[in-house]
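For reference, the structure discussed in these notes is given below.
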Amino acid sequence: MVRLGIVDFDTSHCVEFTKRLNHKNIAEDLWVDGARVVLGWTGPSAITHPESIRGYQKTLTDELGVELVENPQDMIGQVDGVLIESQDGNVHYERALPFLKAGVPCFIDKPFTCSLSQARELVRIAVEGNVPLFSASSLRYALEVQEFHETREQTGRVLGAETYSPCALHPRNPGLFHYGIHGVEILFALMGPGCRSTRTVWQEGAEVTVGTWEDGRIGSVRGIRDGASGYGFTAFCEKQIVSKTINARTIYRELLKRIVTMFQTGTPPLDIAETVEIVAFIEAAHQTRSQPGVEKSLDLRPKK
């Protein structure tokens with residue numbers, strides 16, 4: 001059984017993930033086998049109110065069997081892997097760094113980072129130390145996305161895609177880094193990596209970022225702030241146009257299955273280079289929000 005630690009309790013993910021892994025207080029069809037959350041630590045949050053954090057902590061300790069440590073580094077040697085669950089992407093670098101340097105495999109919840117330079121540095125440390133590192137939105141593994149991939153013989157190659165998701169804003173996770181990242185992850189799950197530039201149209205109630213891939217394909221993500229909201233996509237393929245609305249009930253289960261497999265095998269389910277490209281995509285999109293129609297190239301040049 002893989003022993004896991006959680007760093008930070010400022011998002012409901014810390015509770016929802018633990019329910020599924022520890023098989024407590026949730027429907028059995030949502031359980032994920034192979035790992036248990038045994039330790040946890042929480043620090044201050046610039047996003048979540050302390051009262052909410054105390055509520056998450058109480059649930060984890062009193063109902064789900066998680067023991068607390070005084071410092072996150074105290075988990076090293078007591079766990080087989082760590083879940084970085086800070087909602088604030090700006091602290092992910094400092095939270096993950098001691099674990100990666102100690103050789104502890106890490107899952108970093110979305111956003112991986114809010115900085116392309118920090119994303120590259122985390123990857124450099126993980127690669128040099130041969131430490132498994134994974135980050136993704138749970139929407140990447142929605143059943144509707146998986147089912148679409150399973151029908152590729154019928155649909156043919158994806159020539160373009162439009163995705164959408166809620167897009168609440170927070171200055172600590174600027175632009176699409178906060179909740180719009182869900183739509184971005186769906187887009188990359190459909191299109192694959194290889195985006196070379198973006199341009200954004202931004203309004204208070206919504207924003208649309210259009211990406212151009214290096215092979216000429218076009219993909220877009222709509223971040224929704226006003227009106228009806230949800231998750232979904234339209235894929236424009238060689239043989240069919242496929243539109244799906246995503247049911248979010250099983251998305252945590254599907255993500256956790258892949259997280260556990262990584263901790264068991266040491267092999268991340270997603271090339272971390274694609275995650276870095278997503279950070280570059282969102283960073284470029286944010287830079288063009290005040291310049292409608294201006295195209296921004298993604299900064300994906302190898303750093304010396």
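On a predicted model such as this, the values are computed, not experimentally measured, just so you know.
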Report yes if the side chains of [X] and [Y] come closer than 4.5 Å at any heavy-atom pair, otherwise no.
{"X": "Val208", "Y": "Val221", "answer": "no"}
{"X": "Cys167", "Y": "Glu207", "answer": "yes"}
{"X": "Leu30", "Y": "Tyr252", "answer": "no"}
{"X": "Phe17", "Y": "Leu256", "answer": "yes"}
{"X": "Leu68", "Y": "Gln57", "answer": "yes"}
{"X": "Leu139", "Y": "Ser165", "answer": "no"}
{"X": "Ser115", "Y": "Phe177", "answer": "no"}
{"X": "Leu4", "Y": "Val38", "answer": "no"}

So, the side chain of [X] versus the backbone of [Y]: is there a donor-acceptor pair under 3.5 Å, distance only?
{"X": "Thr250", "Y": "Arg253", "result": "no"}
{"X": "Thr163", "Y": "Gly183", "result": "yes"}
{"X": "Asp10", "Y": "Pro44", "result": "no"}
{"X": "Glu277", "Y": "Ala273", "result": "no"}
{"X": "Glu144", "Y": "Ile246", "result": "no"}
{"X": "Asn22", "Y": "Val37", "result": "yes"}

Are [X] and [Y] close enough that their ring centres sit under 6.0 Å apart?
{"X": "Phe233", "Y": "Tyr164", "answer": "no"}
{"X": "Phe281", "Y": "Phe188", "answer": "yes"}
{"X": "Tyr179", "Y": "His170", "answer": "no"}
{"X": "Tyr231", "Y": "His182", "answer": "yes"}

In plain terms, say whether Arg54 and Glu51 are close enough for a salt bridge, that is, a side-chain N and a carboxylate O under 4.0 Å apart.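 Judged by the 4.0 Å cut-off on N to carboxylate O distance, Arg54 and Glu51 do not form a salt bridge.
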Under-4.0 Å salt bridge between Glu185 and Arg140: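 Yes, Glu185 and Arg140 are salt-bridged.
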Stepwise, does the side-chain hydrogen bond (donor to acceptor under 3.5 Å, both in side chains) test hold for Glu254 with Gln146? CA-CA 10 Å; Glu254 294 304 305; Gln146 294 185 56; 3.0 Å; yes
Closest non-hydrogen atom pair between [X] and [Y], with its separation:
{"X": "Thr11", "Y": "Glu85", "result": "CG2-O, 2.8 Å"}
{"X": "Val66", "Y": "Leu39", "result": "CG1-C, 3.5 Å"}
{"X": "Cys14", "Y": "Thr18", "result": "O-OG1, 2.6 Å"}
{"X": "Trp213", "Y": "Gly192", "result": "NE1-O, 2.8 Å"}
{"X": "Ile6", "Y": "Met75", "result": "O-CE, 3.2 Å"}
{"X": "Ala161", "Y": "Leu187", "result": "O-CD1, 3.8 Å"}

Separation between [atom1] of [X] and [atom2] of [Y], rounded to the nearest 0.5 Å:
{"X": "Met191", "Y": "Ile218", "atom1": "CE", "atom2": "CD1", "answer": "8.5 Å"}
{"X": "Ser86", "Y": "Asp8", "atom1": "OG", "atom2": "CG", "answer": "3.5 Å"}
{"X": "Gln118", "Y": "Asn90", "atom1": "CD", "atom2": "CG", "answer": "7.0 Å"}
{"X": "Arg249", "Y": "Leu143", "atom1": "CZ", "atom2": "CG", "answer": "10.0 Å"}
{"X": "Thr198", "Y": "Glu295", "atom1": "OG1", "atom2": "CD", "answer": "7.5 Å"}
{"X": "His286", "Y": "Trp202", "atom1": "NE2", "atom2": "CH2", "answer": "9.5 Å"}

According to a 4.5 Å side-chain heavy-atom criterion applied to Ile, Leu, Val, Met, Phe, Trp and Tyr, with indirect links allowed, do [X] and [Y] form part of one hydrophobic cluster?
{"X": "Ile272", "Y": "Leu122", "answer": "yes"}
{"X": "Phe263", "Y": "Ile76", "answer": "yes"}
{"X": "Ile224", "Y": "Val210", "answer": "no"}
{"X": "Ile251", "Y": "Phe107", "answer": "yes"}

Give the C-alpha distance, both sets of side-chain angles, the deciding distance and a yes or no for side-chain hydrogen bond (donor to acceptor under 3.5 Å, both in side chains) between Thr200 and Thr288. CA-CA 6 Å; Thr200 298; Thr288 64; 3.2 Å; yes
Cation-pi, Trp31 ring and Arg20 (6.0 angstrom, 45 degrees):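 Because its charged atom misses either the 6.0 Å distance or the 45° angle limit, Arg20 does not stack over Trp31.
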Quick one: do the Asp33 and His23 side chains pair a donor with an acceptor below 3.5 Å?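 Result is yes, a qualifying pair exists.
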With sequence neighbours excluded, residues passing side chain to side chain contact (heavy atoms under 4.5 Å, CB included) with Asp80: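 Asp80: side chain to side chain contact (heavy atoms under 4.5 Å, CB included) contacts with Val2, Arg3.
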Contacts of type side chain to side chain contact (heavy atoms under 4.5 Å, CB included), residue Val260, not counting sequence neighbours: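 Applying side chain to side chain contact (heavy atoms under 4.5 Å, CB included) to Val260 gives Leu21, Val32, Ala35, Gln264.
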Strictly by side chain to side chain donor-acceptor pair (under 3.5 Å), give each pair with a member in residues 61-70 just once, sequence neighbours left out.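 Side chain to side chain donor-acceptor pair (under 3.5 Å) check on residues 61-70 returns Asn25-Glu63, Lys58-Asp62.
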